[in-house]
Structures are given as C-alpha cells and as structure tokens.
Amino acid sequence: MKILVPIKRVPDYDTRIRVKPDGSGIVTEGVKFSMNPFDAIAVEEAIRIKERLPGAEITALSIGTEESVETLRVALAMGADRAIRVAIDADMDSLAIAKVLAAVYHREKPHMVLMGKQAIDDDSNQAGQMLAGLLGVPQATFVSKIEMGQDGATALCSRETDAGIEKVQVRMPAVITTDLRLNEPRYVSLPGIMKAKKKPVEELTPSALSVDCVSRTRVLSMEAPARRKAGLRVKSLDELIDRLKTEAKVL
Amino acid sequence: MRKTLVLIEHTQGQLRQTSLHALGAASELAAVEGGTTEALVMGHGVGAVVDALRSLGCARIWAVDHPQLADLTADRCADVIAQTVKATEPSFVLAAASTFSKDLLPRAAALLDAGMISDVVGLKKEGDETVFKRVQFAGNVISTVQLSGALKFLTIRPSAFPMANRNATQSEVQDFPWQPAANVTWTQVVSREERVEGRPDATEARIVVSGGRAFKNSEDFERVVGGLADALGAAVGSSRALVDAGITPNSLQIGQTGKVVAPELYIALGISGAIQHMAGMKDSKVIVAVNKDPDAPVFEAADYGLVADVYETIPEWTRRIKGS
Ligand SMILES: Cc1cc2nc3c(=O)[nH]c(=O)nc-3n(C[C@H](O)[C@H](O)[C@H](O)COP(=O)(O)OP(=O)(O)OC[C@H]3O[C@@H](n4cnc5c(N)ncnc54)[C@H](O)[C@@H]3O)c2cc1C
C-alpha cells in the first residue's frame, strides 16, 4: 500500500500574525514556520496505518519554496519513507495546487492520499476536495477516525460535520482529509532525525510534471481586522445582568 | 445575462437558515454585478424545501429530486452541480460556508476547472472587477481577493450577509434532469448523527452560551452551560478543549476549525480566549466573558467581563432568570 501525504509549511499556529504596513502580505521576519497541524495529523495517521500494514510506503509531498524541504525532513523524521518537493517560488491557489497534486498522483499511483483538511494560513479548505474531483476518486473530508478494511481496499471514515459524526465507507483509491481529533502527532525523536537525513528527497517542477498551474485567485491586499473596543469589567452578576438589559439591550 | 446559482442546504426536510444568508449574499452580488439569482435544491423528497424557497426572490429554482440523492455525498452533489452548471451557465456558484458546502463545492469547482474563494465576508466593485473580502490566518487577516475566469465559486460566511427578503412573487420551479453515470459506485453513508432537536444551532441562534475547559465533565457542562442556554432560549457552543476531552460533541466546536458564529450575544464561560477560538466568535455583537483568571485573553475581546467562578455564578444566573 502506497500512501501519499501532501504537507505545507505555514506560520506556526502559536505565532502572532501581523500584516505588513503596506498591506502586501504578512510579516515573516522572526516568524516561526512549522508543518501545518492538520498535515502533521495526516503524516501520523499514515504512520499508524503502516504500523498495522507492514510494507506500506509513505511519501510526503510538499509544493513550495526551498524551505519546505525542512518541513519534509520533519515528516521523514516522524516516519515517512521518502519525500518529493515540487519547487515553486510564488504562492498558488488551491486549484493550481490540486493540479500539481494530481500530476504527482498519476506518477506515484498511491492507494490513498491523506492530507490536512485546511492549511492554517489560507484557511481555504479546498485542495483535498479539488484533488478528489480532478482524479474522479471518492473523498472523505474532516475525518476524525479511519478504520481500514481487511484488504485495505476500503476505509470506514468518521467525518465531523455541522450536525455531528457521519460515517462513510470509501473505496480506495480515495482522498481523505484530516480533522484535529484523528490523532495526536508524535514528536520527532533524535534517531528519527538521524534516519531522516538518509532518506531521499526528490525535486520536481510543475513544468517537468507538465501542469498548468495558473492561479485563478489573486490576493490584492491584506489588512488586520478591526479590533474590538476594550470592554468593561463588571463587578458582580447583578451589574452584568443589568448592563445587558439596559445598556446593551440584548436580554 | 449574469446569473448566480445558489446551492441550498437543508436538513431533515427543512431549509437551513444559512441558505437564506447565501441568497442575501447573492442579491448583494447582483447589486454590483447585475443579473439574477437561481437556486439549486438537491435531494430526495425536497418538495417542502422548494416550497419554503419560493418567496425568496429567486428568478428560478432548480429542483433535483432523485432517489440516488437520499445521501448528499460530495461525489454525487459535485456531479449534480457540474451538470446543472453546464446546462444553465451561471457566472457564479455560491453557498453558505458549512461543512456541507465545504465538502462538495471545491470538488464541483475542480470538475468545472473554476477558481474558488472560501469564507467571503464582503464584496465590492473596484473598477470593472468585483473583489471579495475573506478571512484567513485564524481571523488575523482580512484579504481582498480577485477571482478570474468565466465561472467562479464562492462560499460566504452567513454572519456577514443579511438574510434574503421575502416577497410576494413566487419563483418558478423547474426540475433538472440529473443523469447519474451508469457504472459509478457512490460513497456509501453508513450512519449519520442528526442534530438533536430542542436547542437551536449555534450558527442560527440570537444568543450562544459557550463553555470551555473550566467544565470537568459532560454533566457539569449540561447543567451549567446547557442550563443557562435553555433559560435564555440560546444555543450552546464549546471550545476545542472540551471536544478533544470528549465532554462535548464536535458539532459544538466554535472557532477557526469549527463553526463561525456572530450572534447578538455570545457568552464565553471558562474559555481562555485562544486566537483559534476567537476566530469563530469575535464578530458577535456583544461578547460576555466569565473567567476566574483576571488576565485571561478572552477579556480583551469581551464587552463585559466578569471575574468569577462559573460553577458558582452561572447556576445563580439561571436561577434568577427562572425566578423572574
Ligand atoms: C490548528 C488548531 C486549530 C484550533 N482550532 C480551534 C477551534 O476551532 N476552536 C477552539 O476553541 N480552539 C481551537 N484550537 C485550540 C486553541 O488553541 C485552545 O487550545 C482552546 O481554544 C482552549 O480551550 P479553552 O479556552 O476551553 O481551554 P483553556 O485554554 O485551558 O482555558 C480554560 C479557561 O477556563 C478558566 N477557568 C477554569 N476553571 C474555571 C472556573 N471554575 N470558573 C471560571 N473560569 C475557569 C481558566 O482561567 C482558563 O482561562 C485550535 C488549535 C490548533 C492548534
């Protein structure tokens, strides 16, 4: 079984994001970058599947700048077997990314694509679904539990929806996108890091894959959202209820 | 003539209120772009939903009623949307951002080679182009985005657009003859939790009472948070911490990766105010925070903050409402 895990390097969830004064983007100086948390969950899940199905091979894939190789090394240190970087120097939108992923998919022919449901920088939540559409394969999105069928030909996936949990049975090959509660990713170990150094990282380009990756969306500018006015500390429940009734008029 | 096709969402035979906001967004789009709004309803037995839509100002309602659409999985729905779009040639396909449309709209966009913008909170004309405002980076950034191509896909934040107005004219209803491919194996839905009746959904409620890690177990959460919510006729919500701990179901999670709500009143009980949580509630009209830590970041966003123990204060609040 071959599992393809696309991953993205993003500003760490714990860093403060600030918009540049000219609105051309976010300040990246001094910002820590990490693997998108949902992608780390996808890597972890792939490793757990491999632990149950020995012989499985995990390929981590990142479409990004030179620095994304560092993020791929983290996936390798966690336990992925090999890595591919598709080199791009400017951001691409989800559809363009999905087209590159589809091209790599056709080259690698995995049984399953496991990826994060959203990247916490763009917050678009599109790429996995678009990939599944381009490939014409089933999808299970926002998944918090995966039960692989005996032969690995199907997976029973629990999806987190607005109404609650929905369980779907998907036939492989399929695209599965991860939600937060699927697992807790392991920390990388020192031996893991040492081993990762010897694992192969292949470099590709969109043109080598013959993908047209023109983005349809273009970010013209960014701004910080309006800040809420500092509020009031009330001294008691009485005062709170009174102000909600007479001042805010919401009760 | 420009047309916007609005994807309608329904649960248990009822039109979802979020779709009324999607129709509201479509009329804002029509105001800047010109053109008309059409609605698409998919499912099996959608008559009541179609009826509920008829006075909402759509030029036409496309109904796709088919036994194979009893389960609205992304593969089926994306196929329906692709066929409808090819036949009716809209310029925009638009839906409210929910787990339903987030699942299937990007897939449909890819089938049609169309670009997509998620979580639109505003739109305006700039020169000849309509540009869109959307939220990213856990609510830390509002970006202005341009989308090119003859066909464009959008999801909108329901809280950012008004609901469509009801009017006297009845929309024309037309069945769309979906042709499912003969030999496909659709994704099979094995089971589905339906939202429990009784309390409103947090995305649709006027008041949301939300609880965080202060609550030690489901019984306490239900008694304290649920108790106040019921007394106020409010919806309940929770932070991720409680969902992870198995104390609340995932359908209650508010935040960057949960539901985004903007009620008139949001009451945060024992929630610290992590940026990922605030991303889902900071556009509420009035925010109340009750937390025993005077330095909790949630107070920075709260209109009214009370430093207190939720276990003591909240049951007292509930008692007073019931007593009055
Ligand atoms: C990728 C990613 C996505 C995330 N998405 C979300 C999301 O969508 N939604 C979300 O909520 N979180 C999300 N999180 C998690 C988020 O970062 C926080 O960990 C989480 O919101 C904390 O929940 P909390 O405020 O309930 O818990 P805590 O941060 O532990 O805060 C508990 C608060 O309760 C107070 N307290 C304790 N006991 C009492 C008492 N008796 N009376 C009064 N106050 C009391 C404490 O003072 C404290 O302020 C995400 C994290 C990541 C990494």
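As the structure is a computational prediction, the values presented were derived from the model and not from experiment. Just so we're on the same page: letters track the sequence lines, and every chain starts at 1. The analysis underlying the following values was restricted to heavy atoms, covering all of them including side chains, and did not include hydrogens, waters or symmetry mates.
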* Asked: chain A heavy atoms under 4.5 Å from B/L232: which part of the residue, side chain, backbone, both or neither?
  -> side chain
* Asked: What residue among A/Q126, A/Q129, A/Q139 forms side chain to side chain donor-acceptor pair (under 3.5 Å) with B/R107?
  -> A/Q139
* Structure fact -> From the list A/E247, A/E239, A/K235, the residue making the most non-hydrogen contacts under 4.5 Å with chain B is A/E247
* To do: Could you look at A/L240 and say if it's the side chain, the backbone, both or neither that has a heavy atom under 4.5 Å from chain B?
  => side chain
* Asked: For chain B, which of A/G133, A/A163, A/G231, A/S215 has the most heavy-atom pairs under 4.5 Å?
  -> A/A163
* Salt bridge present between B/D113 and A/K99 (N-O < 4.0 angstrom) -> yes
* Asked: Contact part of A/V250 toward chain B, heavy-atom cut-off under 4.5 Å: side chain, backbone, both or neither?
  -> both
* Pick one of side chain, backbone, both or neither for B/E316, based on which atoms fall under 4.5 Å of a heavy atom in chain A. => both
* Of all heavy-atom pairs between A/R228 and B/A301, which one has the smallest distance, and what is that distance? -> NE-O, 3.1 Å
* Asked: So, does A/R233 use its side chain to make a donor-acceptor pair with the main chain of B/V307 at under 3.5 Å?
  -> no
* Any donor-acceptor N/O pair, B/S118 side chain to A/S124 backbone, under 3.5 Å -> yes
* Do you know which of A/T154, A/D238, A/N125, A/L134 has the most heavy-atom pairs with chain B at a distance under 4.5 angstrom? -> A/D238
* To do: Give, as side chain, backbone, both or neither, the part of B/L111 having an atom under 4.5 angstrom from any heavy atom of chain A.
  => side chain
* Asked: Taking all non-hydrogen atoms of both residues, which atom of A/R171 and which atom of B/T185 are closest, and how far apart?
  -> NE-CG2, 4.4 Å
* Using non-hydrogen atoms and a 4.5 Å limit, figure out which bit of A/Y13 sits close to chain B: side chain, backbone, both or neither. => both
* What distance separates B/F153 CZ from A/L95 CG, expressed to the nearest 0.5 Å? -> 10.5 Å
* Structure fact -> On a heavy-atom basis, the closest approach of B/D119 and A/D123 is OD2-O, 3.8 Å
* To do: Scan for salt bridge (charged side-chain N to carboxylate O under 4.0 Å, His left out) pairs involving residues 12-29 of chain A, sequence neighbours excluded, and state none if there are none.
  => A/D12-A/K32
* Contact origin within A/L156 toward chain B - heavy atom pairs under 4.5 Å -> side chain
* **Where B/N140 and A/P225 come nearest, the two heavy atoms and their spacing** => O-CD, 3.1 Å
* To do: Counting only heavy atoms closer than 4.5 Å, note whether A/V214 contacts chain B via side chain, backbone, both or neither.
  => neither
* **Heavy-atom proximity to chain B below 4.5 Å, by part of A/L232** => both
* **Largest heavy-atom contact set with chain A, pairs under 4.5 Å, which of B/A97, B/A289, B/S251, B/P249** => B/S251
* Engaged part of B/L265 at the chain A interface, taking heavy atoms whose separation is under 4.5 Å -> side chain
* Structure fact -> Okay, B/I207 and chain A: the region with an atom under 4.5 Å from a heavy atom over there is side chain
* Asked: Can you check whether B/V141 reaches A/D121 side chain to side chain, under 4.5 Å on heavy atoms?
  -> no
* Structure fact -> Okay, B/R76 and chain A: the region with an atom under 4.5 Å from a heavy atom over there is neither
* To do: Please tell me if the side chains of A/R159 and B/D103 come closer than 4.5 Å, counting only heavy atoms from C-beta onward.
  => yes
* To do: Side-chain contact test, heavy atoms from C-beta onward, threshold under 4.5 Å: evaluate it for A/R181 versus B/N250 and give yes or no.
  => yes
* Please flag which part of A/Q169 lies under 4.5 Å from any non-hydrogen atom of chain B: side chain, backbone, both or neither. => both
* Heavy-atom distance under 4.5 Å to chain B: side chain of A/A98, backbone, both or neither? -> neither
* Most chain B-contacting option - heavy-atom pairs closer than 4.5 Å, from A/R227, A/E160, A/M222 -> A/E160
* Structure fact -> Residue from A/V170, A/D179, A/L237 scoring the most non-hydrogen pairs under 4.5 Å with chain B is A/L237
* Just wondering, do A/D162 and B/K259 contact through their side chains at under 4.5 Å, heavy atoms? -> yes
* Asked: When rounded to the nearest 0.5 angstrom, what is the spacing between CE in B/M116 and CG in A/D93?
  -> 11.5 Å
* Given side chains that start at C-beta, do those of A/Q118 and B/K102 come closer than 4.5 Å, heavy atoms only? -> no
* To do: Mind ranking A/V19, A/I120, A/T177 by heavy-atom pairs under 4.5 Å with chain B and telling me who comes out on top?
  => A/I120
* Atom group of B/A108 that falls short of 4.5 Å from chain A, counting heavy atoms -> neither
* Under a 4.5 Å heavy-atom cut-off, does chain B meet the side chain of A/S94, its backbone, both or neither? -> neither
* Asked: Taking B/S148 for the side chain and A/R216 for the main chain, is one N or O donor matched with an acceptor at less than 3.5 Å?
  -> yes
